[in-house]
There are 2 protein chains.
Amino acid sequence: MTAYDPRSFPPFAVTVDIVVLTVTDRLEVLVIERGVDPFAGSWALPGGFVLPDESVDAAAERELAEETGLTRGKLEDVHLEQLGTFGAVDRDPRMRVVSVAHLALSPVQPEPTAGTDAVAARWVPVDEALAAPLAFDHHQILSAAVDRAGAKLEYTTLATSLAGLDFTLGELQHVYESVWGQPLDRANFRRKVLATQGFVVPTGERRTGRRGGAPGTVYCPGAGGVMDPPLMRDEVRL
Amino acid sequence: MTAYDPRSFPPFAVTVDIVVLTVTDRLEVLVIERGVDPFAGSWALPGGFVLPDESVDAAAERELAEETGLTRGKLEDVHLEQLGTFGAVDRDPRMRVVSVAHLALSPVQPEPTAGTDAVAARWVPVDEALAAPLAFDHHQILSAAVDRAGAKLEYTTLATSLAGLDFTLGELQHVYESVWGQPLDRANFRRKVLATQGFVVPTGERRTGRRGGAPGTVYCPGAGGVMDPPLMRDEVRL
DNA sequence: CCAATAGTGTCTATCAGACAGTATCGA
DNA sequence: TCGATACTGTCTGATAGACACTATTGG
């Protein structure tokens, strides 16, 4: 490598892109419709520049708040983690941009807010987004995010971040089935969740879902942690 | 976010830092001794600028080859993956630098090569490196790398990337014990490894270790993959 | 009533942990 | 011979998968 002269470095733009996932009937992702070239009219992930005086993590939090319109209070329920950095030379046709992608799991689905370079922002089923021609390398980023989310549901209690502020075990199971695309046995799922320390905490309420049926115990997220051994799906991972 | 004008972006320097791990008697990491300020005289992780015409991934591969002195042929046995991006505002006192940290698992321990901003390069036990005052935020990066390596040994067959070009099951077990800092039952370890498809392939040879004992079957890495369910340690993860 | 959901119980195959016992090397 | 390693076998407790059964809601 060349001598480390702080004034003669190759200049890059650094951005954050955020994959915000929620589960309603299906697994959905927040996308914006780009209003400017390149990729004007295409869907893209929300994101933006890291500012000179903020950390990469802070930029991700700021962008998440801006695009979802969530207030600081509600934002605490959203799980946000770094996903990976995408730095192909030609990933942006205009200039050299390195993007630090993040994964956000939201228990709620707020009305999104379009940024300045976006015409609109909306929630889209993940299947639909993956089938559409996304801008830049955002297909790759979204795909990595869904893989990561699915893997994390296996060995962490993060599913509670997608199940709403509170939820029944049936709703929590629906989160797993939506992310994994695979049905689970109700009895075994219940046994595993209730046996895992820090997964869920009963609120004392009971609630009946939209489609009737017996009222179920309502839970809220526990202290969190890992499942050891994991709760596993059939298909191969990695 | 501001309007996306490609000519008015906040300029960043983007670097790659690499945590190269091997197992000999202990888990060891490749460090350099910095020759220039800041942190002149301190140990640091090898790394350098991402060049304007190379991807972040390519920069990591280049730096790995430069610092380890490994030829292209030998380099294929080294596992290299992105670890995470570190982008605190003041992580480099001179300027705004965002670093994409990588994790490399090497089956061999070549004589390292010092870069231009380094006085020396050497292998150091990880415990020792974590106890020393590393430059920049490299303590945080190294710590994250060891955590990642330990976690990956649980559910992947990556330990073969640390066990040498070929190895006995005793040597492979020593990799696990070195990374996890925890003894394992020989019989149960053997059963799990041999039952996992694509983990190891017998070469037909037998070999006696340095300290005598019966000669063991020699294996080489298999096609790789995941362990399902994982091979697990005692302590809590995440 | 029926469809849909919630909750409990049970059987079984599998597997990890623990550990005993034998065999083969170098010194 | 002894220390160290390699390898095999066995018992047991825990648990995931499969599935049956009952109970409670809305329509």
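By convention in this document, chain letters (A, B, ...) are assigned in the order of the sequence lines, proteins followed by strands, and residues within each chain are numbered from 1.
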In whole angstrom, give the distance that lies between atom [atom1] of [X] and atom [atom2] of [N].
| X | N | atom1 | atom2 | result |
| --- | --- | --- | --- | --- |
| B:M232 | D:dA14 | CE | P | 15 Å |
| B:D228 | D:dA16 | CG | P | 13 Å |
| B:L194 | D:dC7 | CG | P | 9 Å |
| A:K192 | D:dA14 | NZ | P | 15 Å |

Please state whether the rings of [X] and [Y] are parallel, tilted or perpendicular, taking 30° and 60° as the class boundaries.
| X | Y | answer |
| --- | --- | --- |
| A:W180 | A:Y176 | perpendicular |
| A:Y155 | B:Y155 | parallel |
| A:Y219 | A:F167 | parallel |

Worksheet item: Has A:E128 got more than 12 heavy atoms of other residues, nucleotides or ligands less than 6.0 Å from its CD?
Response: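 Yes, CD of A:E128 has more than 12 neighbouring heavy atoms, counting only those of other groups under 6.0 Å.
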
Worksheet item: Should the heavy atoms of other residues, nucleotides or ligands under 6.0 Å from CD of B:E81 be counted, would the total exceed 12?
Response: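 Enclosed.
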
Worksheet entry | Any residue of residues 162-176 of chain A with a heavy atom less than 4.0 Å from an atom of DNA chain C |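 Within this stretch, A:T168, A:G170 sit under 4.0 Å of the strand.
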
Worksheet item: What does A:G209 touch in the nucleic acid at a heavy-atom separation under 4.0 angstrom: a base, only the sugar-phosphate, or nothing?
Response: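 Answer is nothing: A:G209 stays at 4.0 Å or more from every strand.
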
Response to the item:
Nucleotide by nucleotide, nucleotides 18-27 of chain D touches protein heavy atoms under 4.0 Å in the pattern (B base, S sugar-phosphate only, - none) BB----BBS-

Discussion item. Per the side-chain hydrogen bond (donor to acceptor under 3.5 Å, both in side chains) rule, what does the pair list look like for residues 100-110 of chain B, sequence neighbours excluded?
Written reply: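 Qualifying pairs: B:T22-B:Q109, B:E28-B:Q109.
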
Worksheet item: When A:N188 is tested against each of A:R190, A:K192, A:R186, A:R191 for side chain to side chain donor-acceptor pair (under 3.5 Å), which residue passes?
Response: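 So the option named by the test is A:R191.
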
Item to complete: For B:Q82, check side-chain hydrogen bond (donor to acceptor under 3.5 Å, both in side chains) against everything at least two apart and list the hits.
Response: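 Testing B:Q82 for side-chain hydrogen bond (donor to acceptor under 3.5 Å, both in side chains), a comparison that skips the adjacent residues, returns none.
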
Worksheet entry | Those residues that, when tested against B:R91, pass side-chain hydrogen bond (donor to acceptor under 3.5 Å, both in side chains) (two or more places apart) |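 B:R91 satisfies side-chain hydrogen bond (donor to acceptor under 3.5 Å, both in side chains) with B:D137 only.
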
Worksheet item: Taking atom types as modelled and ignoring hydrogens, do the side chains of A:T203 and A:D166 form a donor-acceptor contact shorter than 3.5 angstrom?
Response: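 Absent: no donor and acceptor within the cut-off.
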
Item to complete: Would you grab the first and last nucleotide of DNA chain C (5' to 3') that comes under 4.0 Å of any non-hydrogen atom in chain A?
Response: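 Contact boundaries, 5' end first: C:dA4 to C:dT10.
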
Practice prompt. Using a strict 4.0 Å threshold on nitrogen-to-oxygen distance, state whether A:R207 and A:E171 make a salt bridge.
Written response: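 Counted as a salt bridge, because a side-chain N and a carboxylate O are separated by less than 4.0 Å.
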
